[in-house]
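Read the structure below first, then the notes.
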Amino acid sequence: MSEVRAQSDALVVFGFSGDLASKKIFPALYAMVKKGHLTVPIVGVASSKWDVDEWHRHVRESLMHEDHEGGIDDSAAFNRLLSLMNYVSGNYNDESTFTALKTALGDAQQPAFYLAIPPSLFATVIQSLGSAGLAQDARVIVEKPFGRDLASARELNAVTRSVFPESSIFRIDHYLGKEAIMNILYFRFANSFLEPVWNRNHIASVQVTLAEDFGVGSRGAFYESAGCLRDVVENHLFQVIALLAMEPPAFQSFEALHIAKASVLRAMRPLQPADLVRGQYTGYRTEKGVASDSDIETFCALRLFIDSWRWAGVPWYVRAGKQLPRSVVEVQVQMQPPPQHLFDDSRPAGGRANYFRFRLQPVAGIALAARTKRPGKEFVGTQRELYLGEDDKSEMSPYERLLGDAMAGDRALFTDEDAVMAAWTVVEPALANHGAALPYEPGSWGPDEASALIAGDGGWHEPAPDAPTCKPGAS
Ligand code: BG6
C-alpha cells in the first residue's frame, strides 16, 4: 500500500439514490463542475434499477428540490455534470456490482470512492473494493458516523486499514468544512488578546447548542440506528469543542493541529450516565421507519469535563436536538464575574457576566459581551455585544470543499483515527447505560431535565434569534 498524492482521476459515489446524495452531494458536484473544479468521470452506485433517463431525472429533481441546496442556474454546467456521470446499479453485497464498477471506471488509475451509504455497509463495500482490485492507488472517503461505538469503530478502522493506507482514508465530518468553524481556529490563534483569558482562571463554563426546527423526516430508519448523540454530538460538536479547547498547535502544520485536537478529546472525562439527558420529541414514533416503541433520542444534553491543565473544573454543556424552537448552532463561553463586587449590577445576581458568543449558523458571527455604564448618576450599566459579523455566503459548501480536498489528497480538514477513537471513548460509558429518552413537545427546548443539568451554572442561554451588529446582551 503506497501513499497516493496525485489528483483523483474519477469519483465514485456509493449511495447515489440516497438522501445525502440528493440534498448535499449533487449540489456540491454541480457547483464543482460549474466552476471547472471537477472534470473527471463520476460514477454513481446504488441498488435502484434506473435506466439513463431515470437517473438523469433523479439528479435534476434533486437539484431542483425546493428544500435542497442549490438549484440549476446554468444549464450548460448541468449538462456537463450529466455528461461526466455514469451509473451502476447493484447490490453492495454482490461481487458483480464491483465488476460492473470496474468496467465503468475504464482507464481511471486513482479513483476516489465516497461512501454516502448507511454505516452498516461501510465495511462490506471497503472489503469488496479490496477484493475487486479497485483499492490500489485509490482513496476512500467515509461518511459519519465512523462506527457505532468504540469496538465497532476499531473494527471498521482495522478493515479500512487492511485495504487502504491511513493517508488514503478520508473520514469526513462536514462541520469541518464550514467557514464559521474554520474561523474558530483562526480567531483563537490569529489574535493575541484571547489566550491570556482562555482558561479555567477566567472561563466559568461553555455552552454549545445545535438546534434544528425540523424532525427526522425521511431519515427515520437511519436515525433509529444512530440517535442524536451519535448523529451530531460525538462527531460534529466534539470537533467544535476540540477547536475551542485545543492548545496552540506546536508548529505550523496540519499534523500538529490533528495532534492538538485529539489531545482535547483524550483529556475529556468519559461521559457518565448522570451527565446525559436524552429526549424524544412527541410524534417521533410515528415517523416513517421508526419503531412504535423506539427509545432513540432526538435530543440530548450533556455535561462534559476536559481534565487538562487549561480546563480542569470548567463544565462544557452541550445540547443538540430536532424539533426545537429554531435552527441555530451557537457556542457561548461564559467568563467569570469580576472578583470584587464594586457595582451592584456587576455580578451575576445583577446580570450575566461577560461572555464570548460564536454564532456558527445560520449567519456566522463572533460577539464579545461587556458591560458599559448607562448615562446618569447611578453606577449601573448594560451588557452590550461587540459584534464581528461574517458574511455567511461562503464560496463553497462544506461538501464542495471537502470532496475537492479529498480528491486532491489534502487531509487537513478530515478526522484522523486518534480523534475518532478518543471521541468514542468519551461517549462509550453512556451509549448503552443511560436513562430512557424523555418526551418533549416539538417547538420546546427539550425535556425539563435538560435544564436541571445546567441549573447550577446559570441555565441555558437562549441563542438570539438573529445576529444584529451591536446589540444589548442578555442582561
Ligand atoms: C448531519 C446529521 O450529519 O448533520 C443530520 O446526520 C443533521 O441529522 C446535519 O441535520 C446538520 O448539518 P447542518 O450542516 O445542516 O448543520
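Just follow the structure's listing: the first ligand is 1, and inside any ligand the first atom is 1.
Using a non-hydrogen distance threshold of 4.0 Å, Tyr223 does not register as a contact of ligand 1.
Ring centroid separation for the pair Phe358 and Phe187 comes in under the 6.0 Å cut-off. Residues Trp50 and Tyr87 bring their aromatic ring centres within 6.0 Å. For Tyr399 and Phe26, the distance between ring centers is not under 6.0 angstrom. For Trp198 and Phe356, the distance between ring centers is under 6.0 angstrom.
Applying the 4.0 Å criterion to heavy atoms of Lys24 picks out, from ligand 1, the atoms 14 (O), 15 (O). The distance from ligand 1 to the heavy atoms of Gln361 drops below 4.0 Å at these ligand atoms: 14 (O), 16 (O). Residue Lys144 approaches ligand 1 through these ligand atoms, each under 4.0 Å from one of its heavy atoms: 1 (C), 2 (C), 3 (O), 6 (O). For ligand 1, the atoms closer than 4.0 angstrom to any heavy atom of His236 are 1 (C), 3 (O), 4 (O). Close contacts of ligand 1 with His174, meaning ligand atoms under 4.0 Å from a residue heavy atom, involve 1 (C), 3 (O), 4 (O), 12 (O), 13 (P), 14 (O). Remark: ligand 1 atoms within the under-4.0 Å shell around heavy atoms of Asp231 are 2 (C), 5 (C), 6 (O), 8 (O). Atoms of ligand 1 lying under 4.0 Å from at least one heavy atom of Glu212, given by number and element, are 7 (C), 9 (C), 10 (O), 11 (C). Every atom of ligand 1 is numbered from 1 in the order shown, and the set under 4.0 Å from a heavy atom of Lys322 is 5 (C), 7 (C), 8 (O), 10 (O).
One distance of note links CG of Leu402 with NZ of Lys24; it measures 11.5 Å at 0.5 Å rounding.
Scanning the protein heavy atoms around atom 16 (O) of ligand 1, the nearest turns out to be Tyr175 OH, 2.7 Å.
Between Lys178 and ligand 1, an N or O atom pair is found at a separation short of 3.5 Å.
Arg278 has its side chain out of reach of Leu438: every pair of non-hydrogen atoms, C-beta onward, lies at least 4.5 Å apart.
One finds a salt bridge joining Arg161 and Glu417 here, because a Lys/Arg side-chain nitrogen approaches an Asp/Glu carboxylate oxygen to under 4.0 Å. With respect to the salt-bridge test (charged N to carboxylate O, under 4.0 angstrom), the residues Arg411 and Glu255 do not qualify.
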